[in-house]
Amino acid sequence: MDEVIAAANALRKSPKKPADDLPPPEERARVRKAFGLTQGAMAEALGVHRLTVSAWERGAYDPTGATREQYLGLFRHMKETIGEADE
């Protein structure tokens with residue numbers, strides 16, 4: 001959990017913005033689970049409510065603004081860590 005919070009904090013301070021390429025909702029949940037995070041842990045790392053993460057993973061809505069940028073960076077970090085980094 002500390003690693004996830006540290007990654008999220010680093011993204012908050014980073015001037016570099018991640019590419020705006022949100023994965024489909026089912027991919028969001030799959031990668032989070034493969035990384036070993038609960039919705040609650042991801043929500044805590046991003047500073048949102050657990051139900052917000054649930055809504056993103058159901059496709060009810062997408063993260064926006066700074067949270068979207070942080071989410072994309074964290075998603076890429078999780079994919080790299082589980083060995084699924086995009087080329």
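Below, all heavy atoms of this structure are taken into account, side chains as well, without hydrogens, waters or symmetry copies.
- Put simply, the side chain of V48 does not reach to within 4.5 Å of the side chain of Y71, judged on heavy atoms.
- Using a distance-only test at 3.5 Å, with no hydrogens or angles considered, no donor-acceptor pair links the side chain of T67 to the main chain of P63.
- L51 is not connected to L74 by any chain of hydrophobic side-chain contacts under 4.5 Å among Ile, Leu, Val, Met, Phe, Trp and Tyr, and they are in different clusters.
- M42 and V53 make their closest contact through SD-CG1, 4.0 Å (heavy atoms, listed as atom of the first residue, atom of the second, distance).
- Nearest approach of P25 to G59, heavy atoms of both residues: CG-CA, 3.5 Å.
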Tell me, with the steps shown, if L46 and W56 meet side chain to side chain contact (heavy atoms under 4.5 Å, CB included). CA-CA 13 Å; L46 294 171; W56 294 343; 3.7 Å; yes

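- The two residues P23 and R28 make their nearest non-hydrogen contact at O-NE, 2.8 Å.
- For S54, the side chain to side chain donor-acceptor pair (under 3.5 Å) partners two or more places apart in sequence, or in a different chain, are R58.
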Which pairs would a plain distance check flag for residues 29-36, meaning a side-chain donor or acceptor within less than 3.5 Å of a matching protein atom at least two apart in sequence or in another chain?
| residue | atom | partner | partner atom | Å |
| --- | --- | --- | --- | --- |
| R30 | NE | E27 | OE1 | 3.1 |
| R30 | NH1 | E84 | OE1 | 3.4 |
| R30 | NH1 | E84 | OE2 | 3.1 |
| R30 | NH2 | E27 | OE1 | 3.3 |
| R30 | NH2 | E27 | OE2 | 2.9 |
| R30 | NH2 | E84 | OE1 | 2.6 |
| R32 | NE | E57 | OE1 | 3.4 |
| R32 | NE | E57 | OE2 | 2.6 |
| R32 | NH1 | L37 | O | 2.8 |
| R32 | NH2 | E57 | OE1 | 2.9 |

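- L22 and L72 make their closest contact through CD2-CD2, 3.7 Å (heavy atoms, listed as atom of the first residue, atom of the second, distance).
- In this structure, the side chain of R68 does not engage the main chain of D62 through any donor-acceptor pair within 3.5 Å.
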